[in-house]
Amino acid sequence: MNAELTSLMGGSQSMSTWDYDCFYASVFEAENPALKSLPLAVQQKQIVVTCNYEARRRGLRKLQLIKEAKRICPDVVIMLGEDLTKFRDASKELHAFLKKNTWGNRVEKLGFDELLNRHDLQNSFFQLDKFDPTVGFAFDASTFCGPTYPAEPCPSVKEDGEQLWFSSLDVGLRLGSHLANYLRHQLEQHTPYTATVGISTSKLLAKLVGNLNKPRLQTTLRPPYSATDDGQGGNVASFLGQHEIGKIPGIGFKMAHRIRTHILGREPNLDVYEGLAEEDNVSVDVVRSFPGMGPVKLDEIFRGGGWPKDIGTKVWGLLNGVDDTEVAVGKAFPSQISIEDSYSQVDNLQSVRNELLPLTRKLLRRMHADLTEDEEGEELTTGHATVQAGRHLPVKRKKRWLGCPRTLRLSTRSRPPSLPDVGHQLHSNRISKSCPMPRFVFSFSETVEALAERLVEDTIVPLFRRLHPDKSGYKLSLINIAATNMMECAGSENSGVGQDIGAMFRNQGPRPTQFSNLPAVCSHRVTESHFDNQHHGLKHVVDGEVDQTRGDAAVLEWTSDEDGESENSATPHDECTICGAFIPWFAVQAHSIYHSVQT
DNA sequence: TGGGGTCCT
DNA sequence: AGGACCC
């Protein structure tokens, strides 16, 4: 394996990004399944923040004006989604689902509907026992599961008997694709939600490749990633190169604008409504091959923008498919909680007070929901432990703070003077003031209602006066209250690296009952017709009726090691000295752990 | 154009 | 305290 490849793999082999399909709309559909067959849009103020696929089929889009949506699709069903509570709750459930199936708590959240999951193939349970399919799950390691980019392997590779790149990268990605498929089906079985997944070796690549097959499918970026010796370009370069520069995660509106301006030699025409004009598109390929382009040039392009010091190097890396950022460990609580609302016009102190009170109540409720736990919380998380704790019933539920915000921040946005402004809405207009979070808000003995009133009068109104010293003259279009500067409270658990091995054993594989229809050993390969891309939105699970063609049994069939794989296999296997099963290298460690806890 | 979040300077 | 980025 060459050094470039090692760098692309980042040592982590494989990871996936999970994107829950039209998330807000799915939450409403989960509440009321009758909505599934109707065009459904979720509204915040004047816009459609998301809509289901039936609505998209009829021409609706995300971030469309409500007016426009109603014009295009008069019978659209509209749900109000300004209160995020139910979405946040659903998001937590989905995070918990993936976390319990992942070693080392390597599940990072990006917003409410996106997760990054670092696969841990050393510890994941594949093919643990060839004769007992209930341990782990079986799969055909000679194929990728589900759609890939490119769809077919490079022809030149097949001719090449040596298959230089047929390495741990291949194995890791194949495995990643099967693991993702397994987990997607688990998700669909156990929750009302569906997800779209991208599998690759970095956040950058996994996120982008996941966009290729959108609802309810997965896509894996195939090797070879880097250029091979015979001059074939790698798939990373060909895949990334086609993307418009602003589509690359990490290159936002401002940086994309600077790059386009430099490449085009003029300001792009930015129609805020139509997006970027076709002739102003600048692809990654064009940027990368622009004369003199490199980290130094990029630093020059970004000079004076207040970006981090090493931004040129970082962006050059992204353009070349290099993203070394680790999947973060899932945090026990957020590092900031904020509540905001927008208004047509708030212009006097009494209206401000009227708006501050409900916002503050919501903030305090959120602090209780997200930053506290029951004193005996961890003992009560599983049914098993509940029985043991039952001896002490009735249990006194004492709450305690897990995290403690030390700062309170008030932000406002003023309505811009109503100039028929052709200029872009580049600056956000928000201003803020902060102060220490008063201690009394952490009291468990007073009601949220009482605490909120006190907080508004004692703390937030004074903050507001500092923020807007002039008695009048402000026209607020937004107020935001935030609890920030979060500190971990003493005594909270150190949610370190994968401690509950027992729980992982219980969760890594399907329950035995799910395999009750399976023969103990299946020796045929998974056929094409089993893959999701063959049903492409045709078959769905309808209200509790499970579509058998999508179940574990159909998708996760076994391929025996000895026939297809052994002679030309690039996947090393070891024979287990205890049970005699052939174990791929990546599962050896997990397999031995399996034996060690089996007794 | 919403109601959230992250990290960096 | 603000500004970039993300969804």
Side-chain angles (χ1 to χ4, degrees), chain A residues 17-24 41-51 61-69 80-88 91 94-95 108-116 196 203-204 207-208 210-211 246-258 272-273 275 302 304-311 314-315 318 323 325 328 330-331 333-344 359 362-363 366 370 407-413 415-416 424-435 463 466-467 477-486:
Chain A
T17 60
W18 290 65
D19 200 311
Y20 294 102
D21 298 320
C22 42
F23 183 57
Y24 287 9
V42 180
Q43 173 181 15
Q44 285 174 342
K45 297 298 184 301
Q46 310 180 64
I47 66 172
V48 171
V49 285
T50 195
C51 55
R61 300 283 158 231
K62 289 178 175 182
L63 304 188
Q64 217 166 19
L65 287 171
I66 288 285
K67 267 190 187 177
E68 231 182 304
L80 196 61
E82 289 166 12
D83 185 332
L84 303 189
T85 306
K86 66 172 76 171
F87 309 128
R88 189 176 294 106
S91 178
L94 294 169
H95 188 217
E108 182 183 347
K109 276 182 61 133
L110 258 82
F112 284 5
D113 68 340
E114 215 181 295
L115 296 164
L116 306 159
T196 296
K203 296 182 192 180
L204 205 217
K207 279 189 69 160
L208 287 177
N211 291 332
K247 292 285 202 300
I248 304 303
I251 301 181
F253 184 86
K254 299 274 192 177
M255 287 200 291
H257 185 74
R258 289 244 183 152
V272 183
Y273 299 101
F302 296 136
W307 280 286
K309 217 60 193 127
D310 57 342
I311 192 67
K314 195 194 133 192
V315 169
L318 293 178
D323 169 19
T325 58
K331 297 192 306 190
F333 49 84
S335 46
Q336 171 195 313
I337 292 175
S338 73
I339 300 291
E340 69 186 48
D341 201 352
S342 55
Y343 314 93
S344 56
L359 289 175
K362 278 191 79 176
L363 181 68
R366 286 266 330 269
D370 292 356
T407 303
L408 181 67
R409 185 184 61 210
L410 175 68
S411 311
T412 60
R413 186 223 291 147
R415 189 158 290 288
H424 11 303
Q425 44 201 66
L426 288 174
H427 50 28
S428 70
N429 261 351
R430 281 159 109 118
I431 55 172
S432 69
K433 292 289 177 200
S434 303
C435 70
L463 264 185
R466 276 213 282 143
L467 193 56
S477 63
L478 177 141
I479 300 176
N480 175 300
I481 308 175
T484 69
N485 199 4
M486 207 71 72

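Below, chain A is the first sequence line, B the second, and so on; all start at residue 1.
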Quick one: is [N] close enough that its OP1 or OP2 comes under 4.0 Å of any side-chain N or O from [X]?
X: A:R88; N: B:dG4; answer: yes
X: A:S428; N: C:dG2; answer: no
X: A:S432; N: C:dG2; answer: yes
X: A:K62; N: B:dG2; answer: no
X: A:Q46; N: B:dG2; answer: yes
X: A:R430; N: B:dG2; answer: no

Verify whether one side chain among A:T196 and A:D21 offers a donor that lies under 3.5 Å from an acceptor in the other.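 Their side chains do contain a donor-acceptor pair, which is all the 3.5 Å distance test asks for.
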Partners meeting side chain to side chain donor-acceptor pair (under 3.5 Å) with A:S91 (sequence neighbours left out):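 Only A:K109 meet the side chain to side chain donor-acceptor pair (under 3.5 Å) criterion with A:S91.
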Return the set of residues passing side chain to side chain donor-acceptor pair (under 3.5 Å) with A:E82 (not counting sequence neighbours), or none when no residue passes.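 A:E82: side chain to side chain donor-acceptor pair (under 3.5 Å) contacts with A:K45.
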What integer distance in Å separates A:N429:CG from B:dG2:P?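 Nearest whole value for this atom pair: 13 Å.
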Which of these nucleotides, [options], is closest to any side-chain atom of [X]?
X: A:R466; options: B:dG3, C:dC6, C:dA1; result: C:dA1
X: A:I339; options: B:dT1, C:dA1, B:dG4; result: B:dG4
X: A:M255; options: C:dC5, C:dC6, B:dG4; result: C:dC5
X: A:S342; options: B:dG2, C:dG2, B:dG5; result: B:dG2
X: A:K254; options: C:dA4, C:dC6, B:dG2; result: C:dA4

Side-chain ion pair, A:E340 and A:R413, N-O less than 4.0 Å: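 No salt bridge links A:E340 with A:R413.
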Taking 4.0 angstrom as the limit, do A:D370 and A:R366 come out as a salt bridge?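 Yes.
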Contact class for A:R366 vs. all strands (heavy atom < 4.0 Å): base, sugar-phosphate, or nothing?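 If one applies the 4.0 Å heavy-atom cut-off, A:R366 turns out to touch the sugar-phosphate alone, with no base involved.
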Categorize A:L63 for me: base, sugar-phosphate, or nothing, with a 4.0 angstrom heavy-atom threshold over every strand shown.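 Answer is base: heavy atoms of A:L63 come under 4.0 Å of a base.
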With the criterion being N/O to N/O and under 3.5 Å, what pairs connect the protein with nucleotides 7-9 of chain B, and how long is each?
unit_1 : atom_1 : unit_2 : atom_2 : d
B:dT9  : OP1    : A:K309 : N      : 3.4

